[in-house]
Amino acid sequence: MPASLLDRFKNRRMILSPAADCSRDTPIAAVPDHDAACRHIRPMFDFWQSLLAALERIAMLPSLIHSVFTSLPSRRRMRDAVRTYDRTMDDLLREIQSLLESPLEPAKLLHMSGKLQEQFAPKLQASDICMLPSYNDTLPTGLEQGTYLALDVGGSTFRVAVVELKGKQPGAKSMRIVTMKSYKIDNIVRNLRGNAFFDWMAEKIEAALSDPQVQNLNGTKTFGMGLAWSFPVEQTSIRSANLLMMGKGFRATEGTLGQDLSELVMAPCRKRNLPVRIESIVNDCSATLLSRAYEDPSTRFAVILGTGFNVAVHLPVSALASSKYKGYPQKWLDQAEHVLVNTELSMFGKDVFPRTRWDEQLNDAHLRPDFQPFEHMISGRYLGEVVRLIIVEAVRTAGLFSGELPAKLEEPYSLDTGTLAAMELDESKFFTHATALFQSMHPLSKPPTHDDIHFVRQVAQLVSHRAAAFLAAGIHSLWKLMIHSEGLAPAEAGKIAIGCNGSVIEKYPSFRELCQSHLDELTTASGTEPNLISLEVAVESAIFGAAVAVCCLEE
Ligand code: BGC
């Protein structure tokens, strides 16, 4: 039941830190003796705290005291023992909770969905960066067959796979990855400018092709290649697309913006004499929709939520203005009833979702502020960053980690969303794993206390829950767009499945379930029967979809 899941989540989360908090310095290992230790330490600690507070109030001593007790770790501990903070951790947590949770009431989420729909209207008429139509009018039948080289350029990995599509068969999987190589896209690769990025891709394709298993599969034939591209593209045919602005910190568009992506990939491949030919280019989210529809014909949407965020949807052709189909062959225009649309939903949402001061800080420091406001609130690239910004404030103003900021956390984007997911998974009494993990990733001169870890976990839960609810509002807005353009009332809308791919929606604890609960609340509030839309995990769907896209083309 949606409501009970949400209630359970809230009850679990909203236990503020335990009352017996004699000192934030108490390490987890010392917890069993905590009460006894408190009886002795507390009066002394209180004495020093009040003494310093009095001095701070009456003299200019604070700056002197703080400058004397600064750098050395032992001095840093002393500084904490005598330092007063602007507020308690519980007060700060209450404020964070209120800022992050108050927008999540159904009425407010419905309002956000409505505002998003208002933002869609002009972009469906004209925009060369979002609401991008493809050349795919029909979805796959699930009977297509073939073996292809599939490329998936994601935000943090480039994958090259041989994919076999076998068509629907009773009791057997209809598609399989025969072999796959993954190459990490780190900051060095992200910073490669223009053609240097495509040279890097060709080098990795060559490495993948040199695998004897791949060579045995294809012999001397040229491989038909499908590319799933995790950025917007302007399709110029099913085989080609022009490069549009890339987010996620990539610089490959510098000097290449607007050029033909297929040629950008093929030129360095030709230089290396690689036996490949690009057959299809498709956005990764559209690829997810194609591959999920190959297995389940009720699929009408796909969501990707990993490093990046997007939604693809199969809409009536008439949902987009005719100017959006400039250059499309007349034959296509005559026969197509529906079209697969890459919404680039990440780019919507400015002034729709309420921003906290941490969201503002993130946006202000961003390479492309306001380019993808929705993505900044919900994707894996940013969840860790929002939590990091809150941690920095909590250390400085409320004494988290005894006032010591782990050195690495000074760096933007140094707190990995995966670390937070793993910490949330540890529901044990003393958070033993969460503590060990945090200390190994972000060492402190003394291990974090139980209260410290409790705080970080609570903040992570609040930030990820907000993301799940905002995603539900985003899906609801596109569902409303779809039924409206089909000429249906909510009560007439049929059940649909949404293929979901990406680390956050697939793996972040409780994320998909929470999003589903909010979505159920929103669709029933709009007048549908319950459980109309179901979020289904579509594992490896971007890479499968790259192959399905080539396959559809051969039909
Ligand atoms: C990109 C989309 C992509 C999504 C998921 C976003 O940042 O703009 O094109 O589909 O990430 O990878």
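The residues of the chain are indexed from 1 along the displayed sequence. All values derive from a computational prediction rather than experimental measurement. Every number for a ligand or one of its atoms is a count from 1 in the order of the listing.
- Here is the list of ligand 1 atoms found below 4.0 Å of a heavy atom in P232: 8 (O), 9 (O).
- The N/O atoms of W229, backbone and side chain alike, include none that comes under 3.5 Å of an N/O atom in ligand 1.
- By the 6.0 Å and 45° rule, K123 does not stack over the aromatic ring of F348.
- Ion pair R176/E540 not flagged as a salt bridge, since none of the NZ, NE, NH1 or NH2 atoms sits closer than 4.0 Å to an Asp/Glu carboxylate oxygen.
- The protein non-hydrogen atom at the shortest distance from atom 11 (O) of ligand 1 is K248 NZ, 3.0 Å.
- Between D199 and P268 the shortest heavy-atom distance is OD1-CB, 3.3 Å.
- Two rings, from F470 and F374, have their centers 6.0 Å or more apart.
- H476 meets the ring pair (Phe, Tyr, Trp, His ring centres under 6.0 Å) test with W479; sequence neighbours excluded.
- With a 4.0 Å cut-off on non-hydrogen atoms, N283 touches ligand 1 through its side chain and not its backbone.
- Atom 4 (C) of ligand 1 has F309 O, 3.4 Å as its closest protein atom, hydrogens excluded (heavy atom only).
- Listed by number with element, the atoms of ligand 1 under 4.0 angstrom from any heavy atom of G308 are 5 (C), 11 (O).
- Looking only at protein heavy atoms, the nearest one to atom 9 (O) of ligand 1 is E344 OE2, 2.5 Å.
- Aromatic rings of F223 and Y148 (six-membered ring for Trp) have centroids beyond the 6.0 Å cut-off, not under it.
- Listed by atom number, the atoms of ligand 1 under 4.0 Å from N310 heavy atoms are 2 (C), 3 (C), 4 (C), 9 (O), 10 (O).
- Residue E375 has at least one N or O atom closer than 3.5 Å to an N or O atom of ligand 1.
- Distance from atom 12 (O) of ligand 1 to its nearest protein heavy atom, with residue and atom name: D284 OD2, 2.6 Å.
- Annotation: ring pair (Phe, Tyr, Trp, His ring centres under 6.0 Å) contacts of F158 (sequence neighbours excluded): W200.
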